[in-house]
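A short write-up of the structure that comes next.
Keep in mind it's a predicted model, so treat the numbers as computed, not measured. Each ligand, and each atom within it, is numbered from 1 in the order the structure gives.
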Amino acid sequence: MKHVTLPNGERVPALGMGTWNMGDDRATRAEEIATLRLGLDLGLRLIDTAEMYGEGLSESLIGEAIAGRRDEVFLVSKVYPHNASRRGIAAACERSLRRLGTDWLDLYLLHWRGDVPFEDTLEGLQALQRDGKIRQYGVSNLDLSDMDEWWDTPGGDQTAVNQLLYNLSRRGIEWDVLPWLRERRVPVMAYSPIEQARLVRHPKLVRFAQESGMTPAQVALAWLLANDDIIAIPKTGHRDRLRENIGALSHTLTAEQLATLDSIFPPPKGPRALEML
Ligand code: NAP
């Protein structure tokens with residue numbers, strides 16, 4: 001397994017497991033749980049979830065999948081912006097912990113910016129950290145100006161990651177927020193790394209993948225994994241696709257292949273509003 005180093009020196013897997021929409025449908029539940037367990041067996045120890053996903057259904061499913069294996073997992077969850085006040089975040093975290101069947105989260109993220117002042121959210125996160133309920137905290141969907149403001153709020157400079165939409169077809173962050181985070185050694189956790197499966201059907205990527213002896217999903221993930229400071233969290237509820245996605249780790253893209261991908265998916269030529277899904 002390739003690893004990424006967080007600002008506190010902790011190493012986490014560069015490839016983890018997303019869980020949006022997992023737990024929504026009883027018919028697919030058993031395969032989803034089997035997929036998460038197989039992922040742990042194969043080294044994908046990082047699991048990303050949020051209180052928003054199925055309004056707790058995803059966290060409950062993960063709780064079942066990791067029962068008896070908590071110590072193997074680097075568990076990430078996210079708080080709704082409207083719950084991110086000092087008192088609200090304590091209650092929201094408690095509900096997430098109960099659903100996940102654990103006493104602590106490894107990383108707790110503000111899901112996106114809402115109306116609660118950053119100061120209150122950061123006080124709440126630091127209180128949770130002092131109480132041992134969360135080990136680290138971070139943010140998601142913060143653009144450059146939000147990130148600047150967050151960083152200048154007391155405790156903001158202890159941020160472990162910014163979880164952002166980032167994949168071959170969504171490269172806007174390379175213009176500003178990614179370099180800003182790099183200067184501060186804050187990794188990006190890239191969400192929707194295969195663009196919610198749309199990249200798998202992209203004709204030019206399909207051709208490139210065939211010529212390279214990879215699948216399109218593997219190319220999309222290998223492109224992210226070519227960086228030392230990007231954590232990719234693809235979601236799949238199928239064991240065969242999980243095995244396929246892990247295969248990305250066996251492929252290192254050459255400089256020539258990276259240049260070809262740049263011509264198919266050009267990097268930004270100027271600032272763009274932060275994209276979200
Ligand atoms: P994604 O991981 O890019 O794509 C997931 C979709 O691709 C699913 O429909 C999955 O279907 C399919 N898939 C996975 N592997 C495949 C493969 N090898 N071949 C073909 N299809 C494949 O999109 P995402 O779920 O939006 O993003 C990943 C995770 O990031 C989420 O689950 C969530 O944890 C996180 N996220 C965070 C935010 C945020 O605001 N912070 C926003 C979006 C997502 P099956 O499951 O049926 O295989």
Side-chain angles (χ1 to χ4, degrees), residues 15-25 27-36 38-39 42 44 46-54 56-59 61-62 65 73-81 84 96 100 105 107-114 137-143 146 159-170 173 177 187-202 205-206 209 214-225 230-249 251 274-277:
L15 190 61
M17 295 188 277
T19 62
W20 196 8
N21 299 319
M22 273 197 196
D24 291 355
D25 181 354
T28 53
R29 189 177 176 85
E31 178 63 13
E32 286 165 354
I33 289 177
T35 304
L36 290 174
L38 177 65
L42 299 176
L44 301 191
L46 187 152
I47 300 179
D48 176 76
T49 188
E51 62 172 337
M52 186 190 97
Y53 300 164
L57 291 175
S58 157
E59 288 181 328
L61 177 130
I62 293 165
V73 187
F74 186 91
L75 195 51
V76 186
S77 193
K78 307 182 208 82
V79 62
Y80 267 128
S96 286
L100 288 160
L105 293 173
L107 181 57
Y108 199 30
L109 308 179
L110 172 64
H111 207 148
W112 65 89
R113 183 171 197 173
Y137 56 81
V139 293
S140 177
N141 295 308
L142 291 200
D143 66 12
D146 288 342
T159 296
V161 303
N162 188 356
Q163 185 177 117
L164 295 167
L165 175 60
Y166 188 39
N167 64 48
L168 275 168
S169 62
R170 307 269 197 172
I173 67 166
V177 70
V188 164
M189 196 176 280
Y191 75 71
S192 307
I194 55 172
E195 186 60 17
Q196 298 186 329
R198 287 181 285 276
L199 277 173
V200 169
R201 299 184 289 272
H202 189 288
L205 184 60
V206 170
M214 302 167 75
T215 69
Q218 287 172 340
V219 175
L221 295 172
W223 178 78
L224 290 167
L225 294 166
I230 307 281
I231 301 158
I233 48 168
K235 176 263 172 183
T236 179
H238 296 97
R239 281 170 289 182
D240 51 347
R241 286 183 176 164
L242 181 102
R243 286 200 170 87
E244 174 189 336
N245 294 346
I246 288 177
L249 288 161
H251 297 275
L274 185 72
E275 296 180 290
M276 297 180 204
L277 284 176

Contacts of type salt bridge (Lys or Arg N to Asp or Glu O under 4.0 Å), residue E51, not counting sequence neighbours: none

By ring pair (Phe, Tyr, Trp, His ring centres under 6.0 Å), which residues pair with H202, not counting sequence neighbours? F265

Closest approach of P193 and N167, non-hydrogen atoms and distance? O-CB, 3.2 Å

Would you call the rings of W20 and Y53 parallel, tilted or perpendicular, where under 30° means parallel and over 60° means perpendicular? parallel

My understanding is that only residues two or more places apart in sequence, or in another chain, count here; which of them pass side-chain hydrogen bond (donor to acceptor under 3.5 Å, both in side chains) with S192? none

Of the options T236, I47, T49, which is the one that meets M17 in a side-chain contact (heavy atoms from CB on, under 4.5 Å)? I47

Ordered by chain then number, the protein residues lying under 4.0 Å from ligand 1 by heavy atom are G18, T19, W20, D48, Y53, K78, H111, S140, N141, Q163, Y191, S192, P193, I194, E195, Q196, A197, V200, A217, I233, P234, K235, T236, G237, H238, R241, E244, N245, L277

